[in-house]
Amino acid sequence: MAVDHNKKDMDIDNKGEEEQKGKPVMVILVGAPGSGKSTFCERVMGSSLRPWTRICQDTINNGKAGTKPQCLKRAAAALKEGKSVFIDRCNLDKEQRSDFVKLGCGAQVDAHAVVLDLPAKLCISRSIKRTGHEGNLQGGKAAAVVNRMLQKKELPKLNEGFARIVFCHNENDVEATITAYTALGPLDTLSNGCFGQKNPDAKIQLGIMKFLKKVEAPFQCAASKEVKESENLAKGSVDADVSVDEITTLAFPSISTADFQFNNETASDIIVEKVEEFVNKLKNARLVLVDLRGLRCNVIANAANWRLKPGGGGVNAAIFTAAGLALETATKERANSLLPGHAVVVPLPSDSPLYTREGVSHVIHVLGPNMNPQRPNSLNNDYNKGCSILREAYTSLFTGFLSILRSRSKLPRRISEKLALTPLDLKDPSLDPRNHLTNSDQKIKRDDGCVYERSKKCKGANDETVADISAPSSTYGKVTGDKSKLEGPTSKTWGSWAQALYHIAMHPEKHKAELLEVLDDVLVLNDLYPKACKHLLVLARHEGLDGLADVHQEHLQLLMTMHAVGLKWAEKLLHEDSSMVFRLGYHLAPSMRQLHLHVISQDFNSNHLKNKKHWNSFNTAFFRDSVDVIEEIKNHGKATIKDEDFQLSMELRCHRCRSAHPNIPRLKSHISICQAPFPHALLENGHLVLALKT
DNA sequence: GTTCTAGAAC
DNA sequence: GTTCTAGAAC
């Protein structure tokens, strides 16, 4: 310990000289918001024998935040009165400090610096907590501000005019320094010099690498380390963990500043600007710029490369490694490449280690501008373009996060439970307040290894485990026995308006005028509210098939018939207009009862396409391509019915170029002119039906 | 699934 | 002021 507060000998040595006239000191505190500056002052002033004045910029203006000149004026007055002063403001760069140091010289007073160089994580946690609304918007903002400040920090040096500088890197250092200043009587002095400094030019490490590293280690170790680390937090680790589970948290790295060599300061400004723009929309969620080991989050932003492939830069490689092959596969399903300024939300499959161990539910890949001439598509220092792309990148990122939040608020409770079911919770379930409500539920699941039927109120919430009803026969019998006529095989309650297709399928003879084709197993008709120029339905005639959830191995032939008939009609329509492109598929959770295959042209030019749900039901994972469903039934005997309801409220993206658009009218005007080729995932494996080139 | 409409967003 | 969304009712 370099702090020399116990060197009584020295104090005694100096006493003779100093006894004549006690000399005030000016202590300039240096530290980010949340580093503990005010606490430091209060602790010293609480039991010091020396007269102190604390000059706090946050409260100098009648309890409100004031200016630097106000602080200087007040400090000068206090020193003149012979009081020692604390300068309680961040003072993180030389320029901010210099006027105060000069003040000290003018007043013949020694200037000291006490640097509270504590881990960013600690500062941010405290600074979030201080707002009184932990985890809310203020929190996100505070995190970004603290991070920016720490990026810009400039540690004090003796040559700035300080007589004494003490660096505190942890709570023990802080305690020792508080003791030293508390013990500093009116006539005492502390020795001059620089104490406790370690690797002077070290920059704050902006790395998600460390944050993710614990994924590789056994979780218990990581968890206990985390607890140990956060013991120093005033609030304690228990609260911190609980709150993280309850607050949807996006951890994001600084985009483009590493490999892509974007100027750090400009990038920080853009981060703050964009975070400020979005915090108000986030309501009960949190944004955290990552430099935070042990912080648990539900959504991670990845500073991706344009190919959306693993490898390359540190953050990208780390995330792909931690999330396993599942992330690669899931990413490929959504996009094959990314344009600078864009982002793509990828829900993590439930078998990804990042999901099972860390509860991370989504990765948002985001691509920033490239300023690195060593890499392809460098912007050659064009910061006009660079800044605008970087802004777009953050906008896309936060918009994506927002879409996750919106969908999450609609998810049934069961899903959020699943997200929260991390090993830490299992270790001590009492730490989690939700467990008072849900513990018994979870016990049942674990004890008998089967999953009960979902609540009928959870509309469309058939996740894969739930759809697979393996409940005891009594439960099953009750459901089937008491079923009303409005209920289908999956026990979803269908409103009267949702029965139209079912009635047609059961009584085609009453609907002759509406039918394009009548076959033994299927009917073909125009969708009553087409969402594109051409939009047909191939309707199964079998009773008991309400949607994909009811489809099993035995229906494989039917699915193939439906596909063949759909294909036939698509080709027929292509013959009339060869510029059309068709896609064939099912809605994961259809609104209308009775299994039906959509055959829809990809122009989406229709007045009936009016809202986000319409668009997303045909352009996200909510739309299951017929060819994929058939493959799945072949291989697994049933279709995966994941909870893809959130897809319906996802941001609006062009199905061709994947650009994001703020609302339906803007999206529609874009798709009316977008000529970009379709994404590879659609062009491959017969997902799209196009005219043969002749 | 649509329609209607309050109120949010612009 | 107008535009747009999202929730309730059907």
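As the structure is a prediction and not an experimental result, all values here were calculated from the model.
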### Task
Kindly determine whether A/K568 and A/E517 satisfy salt bridge (Lys or Arg N to Asp or Glu O under 4.0 Å), including the steps that lead there.
CA-CA 11 Å; A/K568 182 184 80 182; A/E517 187 174 11; 2.7 Å; yes
How close or far is atom [atom2] of [N] from atom [atom1] of [X], stated in whole angstroms?
X	N	atom1	atom2	answer
A/D645	B/dG1	CG	P	12 Å
A/N526	B/dG1	CG	P	16 Å
A/L609	C/dC4	CG	P	14 Å
A/M592	B/dT2	CE	C1'	10 Å
A/N663	C/dA6	CG	P	10 Å
A/H614	B/dG1	NE2	P	7 Å
A/L537	B/dG1	CG	C1'	11 Å
A/R666	C/dT5	CZ	C1'	15 Å

Report yes if a side-chain nitrogen or oxygen of [X] is closer than 4.0 Å to either non-bridging phosphate oxygen (OP1 or OP2) of [N]; otherwise report no.
X	N	answer
A/H587	B/dG1	yes
A/H608	B/dG1	no
A/K610	B/dT3	yes
A/K612	C/dG7	no

### Query
Are there more than 12 heavy atoms of other residues, nucleotides or ligands under 6.0 Å from atom CG of A/N635?
yes
What nitrogen or oxygen pairs link the protein and nucleotides 8-10 of chain C at under 3.5 Å?
{"residue": "C/dC10", "atom": "N3", "partner": "A/W497", "partner atom": "NE1", "Å": "3.3"}
{"residue": "C/dC10", "atom": "N4", "partner": "A/W497", "partner atom": "NE1", "Å": "3.1"}

### Query
Is it true that A/F262 and A/Y383 have ring centroids separated by less than 6.0 Å?
yes
### Query
Can you check whether A/V627 reaches A/H687 side chain to side chain, under 4.5 Å on heavy atoms?
yes
### Query
Using 30° and 60° as the class limits, which term best fits the ring planes of A/H655 and A/F604: parallel, tilted or perpendicular?
perpendicular
### Query
What is the nucleic acid contact for A/I664, judged by heavy atoms within less than 4.0 Å: base, sugar-phosphate only, or nothing?
sugar-phosphate
### Residue that, paired with A/L652, satisfies side-chain contact (heavy atoms from CB on, under 4.5 Å) out of A/I671, A/T399, A/I664
A/I664
### Query
What residues, two or more places apart in sequence or in another chain, satisfy salt bridge (charged side-chain N to carboxylate O under 4.0 Å, His left out) together with A/K572?
none
